[in-house]
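Just the heavy atoms: all of them, side chains too, but no hydrogens, waters or symmetry mates, feed the values below. Protein chains get the first letters and strands the later ones, always in sequence-line order, with residue 1 at the start of each.
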Amino acid sequence: MKYAFLFLIAYGIIELFVLKRVQNKIAFCFLCVSGILAGAANLLFEFSFFDLIKGVLQ
Amino acid sequence: MKESISPREIIDVFNKNTDFKQRIIKNENKNIYIFFIEGMIDRVALTQFVIDNVPKELSLRKAVENGKISFCACAEAESKKAVISGILRGMAAVLDGEDAYLFDVRKTEKRSVSQPDEESSVKASKDCFVEEVKVNTTLLRKKIISEHLVLESIQIGKQSNTEVVLAYMDNVANGDLIKAVREKLDKIDVDGIITPGVIEQYLSSKLYSVFPQTVITERPDKVCRHLLSGRCAVLVDGLPIGYIVPATVSQFMSTPDDYSGNFIFASVVRVLRYFLLFVQVLLPGAYIALTTFHYEMLPSKLALSIAQAKSGVPFPVAFEILAMLALFEVLVQAGLHMPKSSGQAVSIVGALVVGEAAINADLISPAALIIVAVSVICSFAMPNQEFGNGLRLWRVVIALAGSVLGLFGVVAGGIVLLSNFARLESFGVPYLAPFAGVKKIRLRDELVVFPDKLNRFRPSELNVKNRRRTK
Amino acid sequence: MRKMSMRQTLMMVVSIIFSPTVRLFSAFVSGRGDQGAWVAPIVAGCGMILFVLVLDRLIRDNRNFYQHLEYSFGIFGAKALAWIYILWGILLSSVQIRYYAQRVASTIYTEIDMGVFVFIFLAICVYVLNSGIVTVARMNELFLPVILIVTVALLGLLSAKIDLRALFPVNNPLSIAHVALFNLASMGYVTFTLFFVDEIEQKEKFKKYAVWGTIGVSLCLVWLLLAVIGTIGPTVIEKLPYPFFAVVKQISIGEFLQHIEAFVITLWIVSDFVMTCFISSAILKLMGLVTKKGNTRELLIPYFALCACLVPMMGRTNFELETLSEKVFIPLNLILLFAMPIVILLVGRIKNKIKKHCAGERKMI
């Protein structure tokens with residue numbers, strides 16, 4: 001799962017620049033970019049949303 | 001507009017054919033030509049009712065109009081194309097250079113109406129379709145004596161010009177459905193309709209599906225029952241079958257016998273059939289999943305007896321089951337293509353090798369054999385072989401999923417299988433109708449058989465013109 | 001466009017409520033649930049019926065959710081709110097997928113990485129949703145009766161073991177309120193119906209179906225809580241990760257029918273599948289409306305790939321996941337699924353009145 005973003009990079013590039021059949025480019029790019037960022041953040045920092053609310057809970 | 005047809009042109013078209021025959025009768029002022037294809041006409045009828053009556057003094061037109069040539073099946077041909085087509089269909093063409101007439105003196109070799117081979121029934125009628133479309137339409141007309149039964153004829157096949165008949169009840173069937181079927185038939189662009197698959201492919205909405213999207217039957221009574229429900233049927237010259245559209249899963253689960261006997265018993269049998277459908281598809285996969293991944297889920301005594309039976313077998317359960325399923329398919333194929341006399345030998349060898357010898361040699365466990373046997377027997381209980389073939393394929397897929405992922409794989413495979421059913425539509429009618437995808441879920445006369453007395457309405461999913469069947 | 005009926009839509013909502021029944025006991029984990037919790041679904045059901053009336057008004061207006069947002073909050077407000085919904089929906093889908101994977105991985109596949117289940121599950125979702133939510137709606141028409149029959153049969157079998165002393169006294173309104181909020185958070189998925197409104201036929205039947213559905217679901221939840229609390233007691237529930245599963249594990253009829261928890265796992269997977277497809281389609285539909293591009297089929301793969309990326313971020317352990325769910329998603333569910341439709345209705349009505357008033361004044365002038 002940690003490497004799902006690699007798939008997104010490849011898939012996004014193929015759809016947008018090779019097949020060029022994406023109509024809803026805004027939503028498509030939004031989803032791809034968010035996925036890539038999320039995947040990279042998870043891989044690099046072992047990020048968990050729990051860390052965000054930990055401070056509030058304490 | 002009528003065009004003048006020269007006999008010379010017709011002769012030019014056919015002159016290379018040895019079975020093309022011509023007879024010229026000298027009239028007072030011109031020759032009368034009679035063209036036909038040998039072997040396709042009734043010689044006696046042509047001689048007695050046409051040739052003998054060709055007048056010496058009258059023109060051809062007058063002879064027909066005055067009743068001198070009194071043969072009943074006579075039609076004027078308006079064009080050269082019509083004359084050629086008529087001759088090719090086995091009619092006799094009579095021309096005098098000005099007018100042309102076609103006399104239907106056809107006499108083709110045809111199989112007589114016999115008992116159905118594939119869809120046998122105990123009590124229902126014993127006639128079945130033959131290769132001659134005219135005989136087939138007659139069978140329908142005999143069962144539904146109504147002016148509302150419409151039989152439209154269409155010619156399909158660029159080379160074969162095959163006659164295809166679209167049948168429907170014009171006071172029941174939805175107009176949009178008739179139009180859609182007609183359009184689909186008109187769109188068929190093939191050289192010829194020699195095999196049944198062509199029509200089926202064109203009438204299916206999703207080509208890449210293993211499940212049939214038309215009901216193919218050899219029984220006229222089945223076609224008639226569906227015509228009366230508001231469906232359409234397609235008959236093709238040269239094929240001893242009828243296609244019924246739209247198709248739904250429930251049609252593949254019913255047999256003519258359901259409506260021939262006691263409806264309570266028939267209902268029980270039909271419910272059992274649905275149960276067997278699940279058993280045949282899921283049992284091998286579930287067995288592999290439970291014995292490989294989730295042993296703890298089996299009752300302890302059952303788990304022990306399975307383990308004991310399996311103790312000497314060197315192969316994993318998944319291999320045993322998949323190999324047995326493959327072997328079963330091999331046996332089915334061998335049985336299909338062998339002559340009837342050798343077919344029995346194949347069954348005996350199969351039963352001995354697969355059954356006795358394999359168990360005695362500890363190649364497979366008795367439990368695995370029982371599971372595959374139960375699944376196979378269940379698959380034979382499916383009334384429609386085309387539908388059963390689709391399920392057989394999915395049985396292997398689910399068994400594979402079960403052997404890789406256990407129970408999760410079986411569930412995942414089941415979900416994908418069901419999605420395949422759910423996405424299919426036949427002429428706008430959901431494949432799962434009337435269990436899903438319809439305004440009102442209907443179990444009567446679908447999951448259970450309903451007596452005709454109480455079955456007052458036609459299926460709602462067909463949007464028929466007249467929903468009420470009886471008062 | 002293939003349309004689904006209101007019955008099909010609400011049947012999906014009922015199916016997906018089965019999945020969070022497991023989390024119904026989350027309140028116990030945090031020590032807030034007690035023996036009287038079985039009253040909570042009745043309270044939640046009453047609240048839900050009132051909410052159904054609000055939704056019915058919105059559905060009858062014949063506008064989709066985004067048009068409602070636009071009408072009430074203007075173009076910019078609507079866009080901002082829609083993107084909030086989209087972000088929340090993506091996170092909600094991810095958390096549901098994580099719950100599903102965790103549940104499967106911790107009950108029957110303790111030695112397999114949950115990523116395997118996530119990947120296969122998402123692949124199935126993409127495959128099925130490719131032919132539209134109507135396909136899922138049709139599949140669910142067959143799933144729901146099975147879910148109901150199996151659940152009722154399991155609860156029936158459990159009923160014999162209920163110890164009535166474990167269910168009384170019912171004297172802690174705070175506990176009931178807390179569990180009721182959990183119930184409401186899962187019942188609130190009915191709001192997603194608004195997202196699909198232009199793909200649904202027979203909108204006028206919403207109230208009838210939704211009220212009967214709420215009553216049925218509430219009774220089922222009461223029975224479920226009665227069976228679980230009455231069988232193992234509230235103190236044991238606190239210590240179990242999957243109390244319903246643990247209770248079902250105890251069921252056996254003679255020596256033949258044992259370990260029928262396999263059915264529960266099967267139903268969980270099915271219910272999770274319907275839930276993921278339902279929420280994801282709703283969010284993708286909203287995305288299509290916001291970006292004014294109707295075709296959302298091309299977004300399926302990036303959407304689910306994004307969810308796959310987000311799943312590990314939902315928490316490292318089950319505790320983190322539960323806490324995140326309780327502290328973030330349940331309040332968010334309550335705000336976005338309950339409070340927001342009420343606000344939309346109120347603002348819409350006030351705007352309507354002002355418009356009518358202004359029109360009246362102009363006529364006078």
Can you find a heavy atom in the side chain of C:Val134 that is under 4.5 Å from one in the side chain of C:Lys3? no
Just so I know, are the side chains of C:Leu91 and C:Val95 near enough to count as touching, which here means a heavy-atom distance under 4.5 Å? no
May I ask you to name which of A:Gly39, A:Ala41, A:Ala38 has the most heavy-atom pairs under 4.5 Å with chain C? A:Ala38
With ring-ring contact (aromatic ring centres under 6.0 Å, His included) as the criterion, how do C:Tyr109 and C:Phe117 come out once you've worked through the C-alpha distance, each side chain's angles and the decisive distance to 0.1 Å? CA-CA 10 Å; C:Tyr109 295 96; C:Phe117 304 111; 5.0 Å; yes
Tell me yes or no: between the side chains of C:Thr296 and C:Tyr303, is some donor less than 3.5 Å from an acceptor? no
Using distance alone, with no hydrogens and no angle criterion, decide if C:Ser131 and C:Arg2 have a side-chain donor and acceptor under 3.5 Å apart. no
Distance in Å, C:Leu310 CG paired with A:Phe5 CZ, rounded so as to fall on 0.5 Å steps: 13.0 Å
d(C:Ile86 CD1, C:Leu286 CG) to nearest 0.5 Å is 4.5 Å
Could you look at C:Leu87 and say if it's the side chain, the backbone, both or neither that has a heavy atom under 4.5 Å from chain A? side chain
If one checks every heavy atom of C:Phe319 against chain A at 4.5 Å, the contacting part turns out to be side chain
Look at the aromatic rings of C:Tyr85 and C:Trp88 and report parallel, tilted or perpendicular, splitting at 30° and 60°. perpendicular
Are there residues of residues 69-76 of chain C whose heavy atoms fall under 4.5 Å of chain A's heavy atoms? If so, which? none
Please look at A:Phe30 and chain C and tell me whether the side chain, the backbone, both or neither of the residue comes under 4.5 angstrom of a heavy atom of that chain. side chain
If one checks every heavy atom of A:Phe7 against chain C at 4.5 Å, the contacting part turns out to be side chain
If the test is side-chain contact (heavy atoms from CB on, under 4.5 Å), which one of C:Leu284, C:Leu122, C:Val128 qualifies with C:Leu300? C:Leu284
When the ring centroid of C:Tyr100 is compared with that of C:Phe121, is the distance short of 6.0 Å? yes
By residue number, those in residues 9-19 of chain A with heavy atoms under 4.5 Å from heavy atoms of chain C are A:Tyr11
Quick one: list whatever passes side-chain contact (heavy atoms from CB on, under 4.5 Å) with C:Leu324, sequence neighbours left out. A:Phe49, A:Ile53, C:Met314, C:Val328, C:Phe329
Please name all residues satisfying side chain to side chain donor-acceptor pair (under 3.5 Å) with C:Ser106, sequence neighbours left out, ordered by chain then number. C:Tyr242
